Amino acid sequence: QVQLVESGGGLVQPGGSLRLSCAASGFTLDYYAIGWFRQAPGKEREGVSCISSSDGSTYYTDSVKGRFTISRDNAKNTVYLQMNSLKPEDTAVYYCATTTLPPPILARLWVLSQQYDYWGQGTQVTVSS
């Protein structure tokens with residue numbers, strides 16, 4: 001059974017940190033680029049970050065650059081999103097997803113959710129004092 005499972009969400013104060021994990025089962029992540037998306041209440045799903053399968057290239061939406069770091073551990077079949085200096089506007093449900101877009105196209109289209117195939121169920125991140 002192909003499955004992606006996110007974990008690591010929770011309630012954190014502004015300025016705090018969380019590390020989200022995206023673990024795959026039933027298939028190997030090695031051949032997929034992995035994206036993190038988020039969706040806040042009443043808003044559209046937004047691409048947050050992506051990491052390629054081939055050369056490890058990473059991409060970030062402007063609002064998280066310098067605060068979030070995406071990484072992957074293929075041996076553990078897991079992708080991580082380290083989130084530092086969290087702000088209330090980072091509050092959302094965070095999802096990971098797989099895509100087979102090749103690197104040149106990935107650089108342009110990684111933010112488009114329709115380019116992704118398998119999705120996890122999401123993990124809630126709430127940033128509040």
Side-chain angles (χ1 to χ4, degrees):
Q1 180 182 3
V2 172
Q3 198 172 13
L4 287 174
V5 178
E6 302 96 335
S7 62
L11 173 64
V12 64
Q13 292 187 341
S17 299
L18 285 173
R19 188 177 79 156
L20 305 184
S21 299
C22 172
S25 61
F27 70 106
T28 177
L29 288 179
D30 292 27
Y31 306 110
Y32 293 90
I34 306 299
W36 281 99
F37 288 76
R38 65 186 179 187
Q39 189 165 19
K43 294 188 176 181
E44 293 186 355
R45 190 166 294 190
E46 172 192 26
V48 175
S49 182
C50 182
I51 186 166
S52 73
S53 60
S54 56
D55 60 3
S57 295
T58 57
Y59 309 95
Y60 300 92
T61 192
D62 285 348
S63 63
V64 308
K65 285 180 180 177
R67 300 189 297 122
F68 291 11
T69 303
I70 191 171
S71 62
R72 64 192 303 157
D73 185 339
N74 287 343
K76 295 183 178 180
N77 221 23
T78 301
V79 170
Y80 304 98
L81 185 68
Q82 178 67 44
M83 306 187 297
N84 299 329
S85 302
L86 283 161
K87 304 175 181 180
E89 51 263 43
D90 294 318
T91 296
V93 178
Y94 283 70
Y95 302 88
C96 63
T98 66
T99 180
T100 55
L101 288 176
I105 302 176
L106 184 67
R108 292 188 289 114
L109 301 184
W110 72 268
V111 294
L112 300 179
S113 60
Q114 58 265 41
Q115 300 295 333
Y116 291 77
D117 308 305
Y118 298 118
W119 290 80
Q121 82 292 344
T123 185
Q124 176 71 46
V125 172
T126 303
V127 185
S128 175
S129 55

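Just so we're clear, the structure is a prediction, and the values are computed from it rather than from any experiment.
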Practice task
Not counting sequence neighbours, which residues clear side-chain hydrogen bond (donor to acceptor under 3.5 Å, both in side chains) with Gln124? List them please.
Solution key: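 By the side-chain hydrogen bond (donor to acceptor under 3.5 Å, both in side chains) rule, Gln124 matches Thr126.
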Under 3.5 Å, is there a donor-acceptor pair between the side chain of [X] and the main chain of [Y]?
X: Thr99; Y: Gln115; answer: yes
X: Ser52; Y: Ala33; answer: no
X: Tyr60; Y: Cys50; answer: no
X: Asn77; Y: Ala24; answer: yes
X: Glu46; Y: Arg38; answer: no
X: Glu6; Y: Gln121; answer: yes
X: Arg19; Y: Gln82; answer: no

Minimal non-hydrogen separation, [X] against [Y], with atom names:
X: Ser57; Y: Asp55; result: OG-OD1, 2.8 Å
X: Ser21; Y: Thr78; result: CB-CG2, 4.2 Å
X: Thr98; Y: Tyr32; result: CB-CD2, 3.6 Å
X: Ser129; Y: Pro14; result: N-CD, 3.7 Å
X: Val79; Y: Ile34; result: CG2-CG1, 3.6 Å
X: Leu18; Y: Gly8; result: CD2-O, 3.7 Å

Starting from [Y], can I reach [X] by hopping between I/L/V/M/F/W/Y residues whose side chains sit under 4.5 Å apart?
X: Ile105; Y: Val111; answer: yes
X: Ile51; Y: Tyr59; answer: no
X: Tyr116; Y: Leu109; answer: yes
X: Leu29; Y: Val2; answer: yes
X: Leu101; Y: Tyr95; answer: yes

Handout entry: Contacts of type disulfide (SG to SG under 2.5 Å), residue Cys22, not counting sequence neighbours
Key =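 Scan of Cys22 (disulfide (SG to SG under 2.5 Å), adjacent residues dropped) gives Cys96.
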Exercise for the section: Take Leu20 and Val125 through the test side chain to side chain contact (heavy atoms under 4.5 Å, CB included) and record every step on the way to the result. Expected result: CA-CA 9 Å; Leu20 305 184; Val125 172; 4.0 Å; yes
Rounded to the nearest 0.5 Å, how far apart are [atom1] of [X] and [atom2] of [Y]?
X: Tyr94; Y: Thr123; atom1: OH; atom2: OG1; answer: 10.5 Å
X: Leu106; Y: Ser53; atom1: CG; atom2: OG; answer: 8.0 Å
X: Arg45; Y: Ser113; atom1: CZ; atom2: OG; answer: 6.5 Å
X: Leu86; Y: Thr91; atom1: CG; atom2: OG1; answer: 8.5 Å
X: Thr58; Y: Trp110; atom1: OG1; atom2: CH2; answer: 9.5 Å

Exercise for the section: Check whether any side-chain heavy atom of Thr100 sits under 4.5 Å from a side-chain heavy atom of Asp117, and report yes or no. Expected result: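 Yes, side chains in contact.
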Exercise for the section: Run the ring-centre check on Trp119 versus Phe37 and record whether the distance is less than 6.0 Å. Expected result: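 Yes, the ring of Trp119 comes within the 6.0 Å limit of the ring of Phe37, centre to centre.
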Problem - Side-chain donor-acceptor contact under 3.5 Å, Asn84 with Ser17 - result: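 Side chains of Asn84 and Ser17: pair found under 3.5 Å.
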Practice task
Return yes when atom CZ of Phe27 has more than 12 non-hydrogen atoms of other residues, nucleotides or ligands closer than 6.0 Å, and no otherwise.
Solution key: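 Yes - once you tally the heavy atoms of other residues, nucleotides and ligands closer than 6.0 Å, there are more than 12.
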Exercise for the section: Count the heavy atoms belonging to other residues, nucleotides or ligands that lie under 6.0 Å from CD of Glu89, then report whether that count exceeds 12. Expected result: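 Count over threshold, so yes.
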Handout entry: Residue pairs involving residues 98-129 (criterion disulfide bond (SG atoms under 2.5 Å apart); sequence neighbours excluded)
Key =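 Output for this query is empty, none listed.
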Problem - Row check, Tyr80 ring normal vs Arg72 NZ/CZ: under 6.0 Å, within 45° - result: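 Negative - Arg72 is either too far from the ring of Tyr80 or too far off its axis.
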Problem - Electrostatic pair Lys87-Asp90, nearest N-O below 4.0 angstrom - result: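 No.
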